[in-house]
Amino acid sequence: MWEKTDIKEILFSEGQIKERAAELGAQISADYDEAPLLVALLRGSVPFLSELIKHIDLDIQYDFMDVTSYAGTESTGQIKILKDLDTPVRGRHVLLVEDIVDTGRTIKTVCEMLLHNGAKSVKIVTLLDKPARRTIGVNADYIGFSIDDLFVVGYGMDFNQRYRCLPYIGVLNDELYK
């Protein structure tokens with residue numbers, strides 16, 4: 001069980017996240033003539049996907065991939081695909097849904113794989129963007145919020161599978177992971 005003292009600071013409230021998801025959904029709806037296939041990366045993006053799709057005024061479909069590159073707080077640099085898509089991407093516009101773009105390694109690998117599999121285009125929508133940690137040249141097309149180099153949890157993001165269900169995004173106290 002987590003304690004309220006585990007969270008140093010709340011960065012974005014549930015209300016702020018929902019408002020931003022509505023703005024992003026409206027922008028995505030305006031930008032696409034043909035409904036994209038939304039590909040959400042498990043598990044962190046699920047709450048964001050759930051909110052985002054309420055605000056996309058297109059006949060979208062979505063599917064999931066389970067991709068990992070983290071052990072604890074650090075990216076290992078090794079991308080592992082634990083679950084691939086069930087829906088073919090060939091000839092389709094794909095909108096990759098991510099909770100956070102950090103180093104960029106995972107998202108770049110997944111984008112390349114989708115294009116290799118015949119996707120017509122691949123764009124990225126992310127709840128959080130952390131450009132200070134970027135090691136690979138990749139940029140999201142739609143960004144909920146940009147943040148500094150902070151270790152955040154909540155709204156799908158975790159630390160060792162904990163804190164995912166917090167209804168907000170908060171900064172985890174340093175002593176819990178250092």
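Scanning all heavy atoms of the two residues, the minimum distance from C111 to I124 falls at SG-CD1, 3.8 Å. When every heavy atom of I56 is checked against every heavy atom of I60, the shortest pair comes out as CG2-CG2, 3.9 Å. Nearest approach of V89 to L114, heavy atoms of both residues: CG2-O, 3.8 Å. Shortest non-hydrogen contact noted between D99 and G44 is OD2-CA, 3.3 Å. Minimum interatomic distance between A140 and T126 (heavy atoms only, all atoms of both residues): CB-CG2, 3.6 Å. Minimum interatomic distance between V94 and A119 (heavy atoms only, all atoms of both residues): CG2-CB, 3.9 Å.
With values rounded to the nearest 0.5 angstrom, T5 atom OG1 is found 8.0 Å from E175 atom CD. We find the CZ-CD1 distance between F48 and I100 to be 12.0 Å, quoted to the nearest 0.5 Å. Within the model, atoms OG1 of T106 and CE of M65 stand 10.5 Å from one another, a figure rounded to the nearest 0.5 Å. The distance from the CD atom of E9 to the CD1 atom of I169 is 12.0 Å, given to the nearest 0.5 Å.
V46 and Y163 fall into different hydrophobic clusters, where Ile, Leu, Val, Met, Phe, Trp and Tyr side chains are chained together by heavy-atom contacts under 4.5 Å. Each of L42 and V67 belongs to its own hydrophobic cluster when Ile, Leu, Val, Met, Phe, Trp and Tyr are linked at side-chain heavy-atom distances under 4.5 angstrom. The hydrophobic clustering, which links ILVMFWY residues whose side-chain heavy atoms are closer than 4.5 Å, places L115 and I79 together. No continuous path of hydrophobic side-chain contacts links Y168 to L11 [ILVMFWY only; heavy atoms under 4.5 Å]. There is a path of hydrophobic side-chain contacts, each under 4.5 Å, that joins V122 to M113.
Shown here are the side chain to side chain donor-acceptor pair (under 3.5 Å) partners of K123, two or more places apart in sequence or in another chain: there are none.
Looking only at distances, no side-chain donor or acceptor of D149 sits under 3.5 Å from a matching main-chain atom of A132. With hydrogens and angles ignored, the 3.5 Å screen pairs a side-chain donor or acceptor of K130 with a backbone N or O of L150. Side-chain N or O atoms of S45 include none that pairs as donor or acceptor with a backbone N or O of E98 at under 3.5 Å. Although no hydrogens or angles enter the test, the distance criterion places no donor-acceptor pair under 3.5 Å between the side chain of D63 and the main chain of V39. In terms of modelled atom types and a separation under 3.5 Å, the side chain of Q16 and the main chain of S13 share a donor-acceptor contact. Under the 3.5 Å distance criterion, the side-chain polar atoms of R164 are left unmatched by any main-chain donor or acceptor of F159.
Ionic pairing of E34 and K120 is present here: one or more N-O contacts between side-chain nitrogen and carboxylate oxygen are shorter than 4.0 angstrom. A salt bridge links D129 to R134: at least one charged side-chain nitrogen sits closer than 4.0 Å to a carboxylate oxygen. In summary, D102 and R105 do not engage in a salt bridge, as defined by a charged side-chain N under 4.0 Å from a carboxylate O.
The side-chain heavy atoms of L24 and H55, taken from C-beta on, include no pair separated by under 4.5 Å. The shortest distance between side-chain heavy atoms of E51 and Y155 falls below 4.5 Å. Within the 4.5 Å cutoff, the side chain of F12 has no heavy atoms near those of the L127 side chain. Side-chain atoms of L172 and V152, non-hydrogen and from C-beta on, never get closer than 4.5 Å to each other. Residues L38 and I53 have side chains in contact (heavy-atom distance under 4.5 Å, counting atoms from C-beta outward). Between L41 and I107 there is a side-chain heavy-atom pair separated by less than 4.5 Å. For the pair V153 and D158, the minimum side-chain heavy-atom distance is 4.5 Å or more. Using a 4.5 Å heavy-atom threshold, the side chains of F64 and L49 count as touching.
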*After noting the C-alpha distance and the side-chain angles of D31 and Y142, does the key distance pass the side chain to side chain donor-acceptor pair (under 3.5 Å) rule?*
CA-CA 11 Å; D31 288 352; Y142 305 95; 2.7 Å; yes
*asked:* The test is side chain to side chain donor-acceptor pair (under 3.5 Å); show your working for D57 and S29 and say whether it passes.
replied: CA-CA 5 Å; D57 191 23; S29 299; 5.8 Å; no
*Quick one: do V101 and L128 satisfy side chain to side chain contact (heavy atoms under 4.5 Å, CB included)? Show the steps, please.*
CA-CA 6 Å; V101 177; L128 296 180; over 6 Å; no
*Determine, stepwise, if the pair I7 / L166 fulfils side chain to side chain contact (heavy atoms under 4.5 Å, CB included).*
CA-CA 10 Å; I7 306 301; L166 296 176; 3.8 Å; yes
*Test side chain to side chain contact (heavy atoms under 4.5 Å, CB included) on E23 and Q27 and set out the steps.*
CA-CA 6 Å; E23 294 167 355; Q27 186 62 55; over 6 Å; no
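Using bins of under 30°, 30° to 60° and over 60° for the plane-to-plane angle, the ring pair Y32/H93 lands in the perpendicular bin.
In the displayed structure, Y62 atom OH is contacted under 6.0 Å by at most 12 heavy atoms of other residues, nucleotides or ligands. Residue D174 qualifies as enclosed at atom CG: its count of foreign heavy atoms under 6.0 Å is above 12.
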